[in-house]
Amino acid sequence: MLDIKFVRSNPESVKEALVKRAVDLSLDEFLNLDEERRKKLAEVEQLKNKRNVVSEEIGKLKKAGEAAEEKILEMRSVSQSIKEMDEDVKEIEVKLQNILLTIPNVPNQTVPEGTDEDDNQKVKEWGQPKEFDFEAKPHWEIGEQLDIIDFERGSKVSGARFSFYKGAGARLERALFNFMLDLHSREHGYTEIIPPFIVNADSMTGTGQLPKFAEDMFKLEGTNYYLIPTAEVPVTNLYRDEILNTDQMPIYHCAFSPCFRAEAGAAGRDTRGLIRQHQFNKVELVKFVNPDNSYEELEKLLQNAEQVLQLLGLPYRVVNLCAGDLGFSAAQTYDIEVWLPSFNTYREISSCSNFEDFQARRANIRFRREKKGKPQFVHTLNGSGLAVGRTLAAILENYQEQDGSISIPPVLQPYMGGLTKITADK
RNA sequence: GGAGAGAUGGCCGAGUGGCUUAAGGCGCACGCCUGGAAAGCGUGUGGGCGGGCAACCGCCUCAAGGGUUCAAAUCCCUUUCUCUCCGCCA
């Protein structure tokens with residue numbers, strides 16, 4: 001959410017940002033409502049002041065045993081007017097809030113212009129895509145042939161975009177997220193969190209999923225609960241409505257969670273394999289930092305996520321998302337894309353963003369620079385570190401051998417009980 | 001799930017319709033005192049919104065939302081959360 005005072009005093013910058021993002025939204029209604037609200041507010045506050053003053057007089061008159069009927073009658077009608085005007089103001093405020101909640105964040109200065117992913121700016125490439133001297137198989141075929149992933153029974157038991165991990169596949173998944181959590185908590189200074197996997201609507205609003213993206217999520221029928229689409233939601237909302245002390249900042253959390261996504265607009269896309277599932281595991285990195293250095297923190301966050309791929313020996317590239325491809329809440333985002341041989345291309349495996357104070361304002365997360373200073377909003381950042389299912393897919397594809405087996409990356413072998421290879425016969 | 005009790009400022013805690021612009025204490029900040037410190041004394045000490053260049057002024061805020069009243073922390077209703085007991089349960 002943008003600061004209403006910022007929108008009021010910088011309408012041109014906001015309009016420019018909307019154009020840059022190719023979002024069709026007129027600010028004029030908002031600006032008019034804002035002016036109307038302030039006008040009515042001044043009027044009703046003046047009446048309330050009168051009521052406060054006169055009510056006190058009535059109290060004194062009554063105490064002194066004097067008549068106060070006339071003033072009481074007058075105040076009765078004043079109170080009625082206040083009630084009506086309060087309703088008007090409230091109505092305007094609801095409208096303003098509804099608009100404000102649907103205005104996306106302003107992209108930062110360095111975000112490249114562009115309308116879709118083709119305009120994203122390549123920042124770096126790491127590793128060489130491996131040349132296979134046989135035909136590289138897609139991970140779903142490998143998974144089925146090794147009997148470590150079962151898509152068919154996933155469909156039977158749940159539906160499309162669900163799957164079972166089995167045997168060495170289940171163990172590999174577990175090895176991956178344990179490896180990631182150990183790396184981030186031991187080497188990178190993140191405090192580990194296991195959050196609730198179900199949250200309320202306030203939390204979804206705090207991070208920006210609601211009100212605009214309700215159809216992307218699973219809501220539990222008859223309740224106010226949602227399955228989380230990422231650990232970002234519960235972990236960012238950890239400090240909702242709190243004022244943090246400077247000495248506890250910056251806060252780094254890493255969190256494991258399953259993620260649940262309705263994939264409403266993705267019918268027909270990535271229908272096979274692990275790339276686009278309704279449920280997948282992810283290790284998420286979340287930071288709460290001082291606004292002064294949030295962009296340094298973004299670079300460090302990106303490096304922490306990249307490190308996972310480097311240690312796993314998976315080739316990847318980093319792109320700086322253009323304005324048109326940027327998520328609703330983000331001011332800047334780097335995507336990390338891993339090489340998938342069967343797709344013959346790079347696919348997103350992590351998204352690292354600085355939200356500046358956009359989420360902090362929605363979720364009301366503040367801090368004080370000095371002990372007696374005014375509270376101000378923190379900057380929040382997060383990034384996948386990494387999406388576990390996609391990482392597993394990347395390992396199956398990049399580490400496949402001609403005989404159909406999979407070699408286990410050395411860093412994972414301790415997590416696999418020393419196993420170095422997954423073969424069909426086991 | 002059943003029965004009951006609660007929710008007041010950073011913390012503890014008073015307050016059952018107007019003398020509360022939330023008592024008192026703790027904590028914190030500043031000052032006095034001191035060679036320095038402690039103790040003591042004094043002053044100050046939440047958040048949001050609106051107006052104003054500012055000093056400052058006004059409004060709102062006693063879990064949240066509604067209601068009664070000229071006037072609500074206080075009375076009524078709803079919701080949320082916490083605690084106790086019972087039942088069930090990984």
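Naming: A, B, ... by sequence-line order, numbering from 1 per chain.
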**OP:** Send over the distance from A/D241 CG to B/A64 P, rounded to a whole Å.
**Re:** 11 Å

Subject >> Integer-rounded Å distance: B/C70 P and A/E70 CD >> reply: 15 Å

Original post:
Rounding to a whole Å, what distance do you find between A/F367:CZ and B/G10:P?
Top reply: 19 Å

Subject >> Whole-Å P distance, B/G48 and B/G44 >> reply: 22 Å

Original post:
Will you find, in the side chains of A/T230 and A/K282, an N or O donor that is under 3.5 Å from an N or O acceptor?
Top reply: yes

Subject >> Phosphate contact (B/U69 OP1 or OP2) by A/S79 side-chain N/O below 4.0 Å >> reply: no

Subject >> Between B/G10 (P) and A/E242 (CD): distance, integer Å >> reply: 12 Å

**OP:** Could you state the atom-to-atom distance from CZ of A/F377 to P of B/G48 in whole Å?
**Re:** 8 Å

**OP:** Sticking with atom P, work out how far B/G10 lies from B/C62, rounded to a whole angstrom.
**Re:** 13 Å

Original post:
Over how many whole Å does the gap from A/R366 atom CZ to B/G46 atom P extend?
Top reply: 14 Å

Subject >> Donor + acceptor pair across side chains of A/Q332, A/N354 (<3.5 Å) >> reply: no

**OP:** Could you work out the separation of B/A63 and B/A73 based on their C1' atoms and round it to a whole Å?
**Re:** 12 Å

**OP:** Could you state the atom-to-atom distance from CG of A/N364 to C1' of B/U61 in whole Å?
**Re:** 14 Å

Original post:
Counting only Watson-Crick or G-U wobble pairs whose two distances fall under 3.5 Å, which nucleotide matches B/A5?
Top reply: B/U82

**OP:** Under a 3.5 Å limit for both distances, which nucleotide forms a Watson-Crick or G-U wobble pair with B/A23, could you say?
**Re:** none

Subject >> Interatomic distance where CG belongs to A/L244 and P belongs to B/G10 [whole Å] >> reply: 14 Å

**OP:** Measure the acute angle between the ring planes of A/Y252 and A/Y190, then classify it against the limits of 30° and 60° as parallel, tilted or perpendicular.
**Re:** tilted

Original post:
Who does B/C32 pair with, Watson-Crick or G-U, both distances under 3.5 Å?
Top reply: B/G40

Subject >> Backbone N/O of A/V199 and side chain of A/S203: donor-acceptor pair under 3.5 Å >> reply: no

Original post:
Using purine N1 to pyrimidine N3 plus N6-O4 or O6-N4 for Watson-Crick, or N1-O2 and O6-N3 for G-U wobble, both under 3.5 Å, which nucleotide pairs with B/A55?
Top reply: none

Subject >> Nearest-angstrom distance, P atom, B/G42 to B/C26 >> reply: 12 Å

Original post:
Can you tell me how far C1' in B/U61 sits from the matching atom in B/G4, rounded to whole Å?
Top reply: 30 Å

Subject >> Pairwise C1' distance for B/G18 and B/U69, with rounding to whole Å >> reply: 12 Å

Original post:
What is the pairing partner of B/C89, taking Watson-Crick or G-U wobble pairs with both distances under 3.5 Å in any strand?
Top reply: none

**OP:** Can you tell me, in whole Å, how much space there is between the C1' of B/C57 and that of B/G65?
**Re:** 30 Å

Original post:
What interatomic distance, in whole Å, is found between P of B/G31 and the corresponding atom of B/A37?
Top reply: 11 Å

Original post:
What's the shortest heavy-atom distance between A/H379 and A/D357, and which atoms?
Top reply: CD2-N, 3.5 Å

Original post:
Of all heavy-atom pairs between A/Y415 and A/R171, which one has the smallest distance, and what is that distance?
Top reply: O-NE, 3.7 Å

Subject >> Mate of B/A73 where both pairing distances stay under 3.5 Å, Watson-Crick or G-U >> reply: none

Original post:
Looking at A/K48 and A/D86, does any basic side-chain N land under 4.0 Å from a carboxylate oxygen?
Top reply: yes

Subject >> Footprint string (nucleotides 49-60 of chain B, 5' to 3'): B base within contact, S backbone only, - free, heavy atoms under 4.0 Å >> reply: SSS------BBS

**OP:** Work out which heavy atom in A/A255 is nearest to a heavy atom in A/L181; give both atom names and the distance.
**Re:** C-CD2, 4.4 Å

Every protein N/O lying under 3.5 Å from an N/O of nucleotides 16-22 of chain B:
from  : atom 1 : to    : atom 2 : distance (Å)
B/G18 : N2     : A/S55 : O      : 2.7

**OP:** Measure up the A/H184 and A/H188 rings against each other and bin them: parallel (under 30°), tilted (30 to 60°), perpendicular (over 60°).
**Re:** tilted

**OP:** Describe the nucleic acid contact of A/K39 in one word from base, sugar-phosphate, nothing, applying a heavy-atom distance below 4.0 Å.
**Re:** nothing

Original post:
Is there side-chain contact between A/R261 and A/Q277, with heavy atoms separated by less than 4.5 Å?
Top reply: no

Original post:
Taking OP1 and OP2 of B/A29, is either one under 4.0 Å from a side-chain nitrogen or oxygen of A/R368?
Top reply: no

Original post:
Can you say whether the rings of A/H278 and A/F162 are parallel (under 30°), tilted (30 to 60°) or perpendicular (over 60°)?
Top reply: tilted

Subject >> Complement of B/U16, any strand, by Watson-Crick or G-U distances under 3.5 angstrom >> reply: none

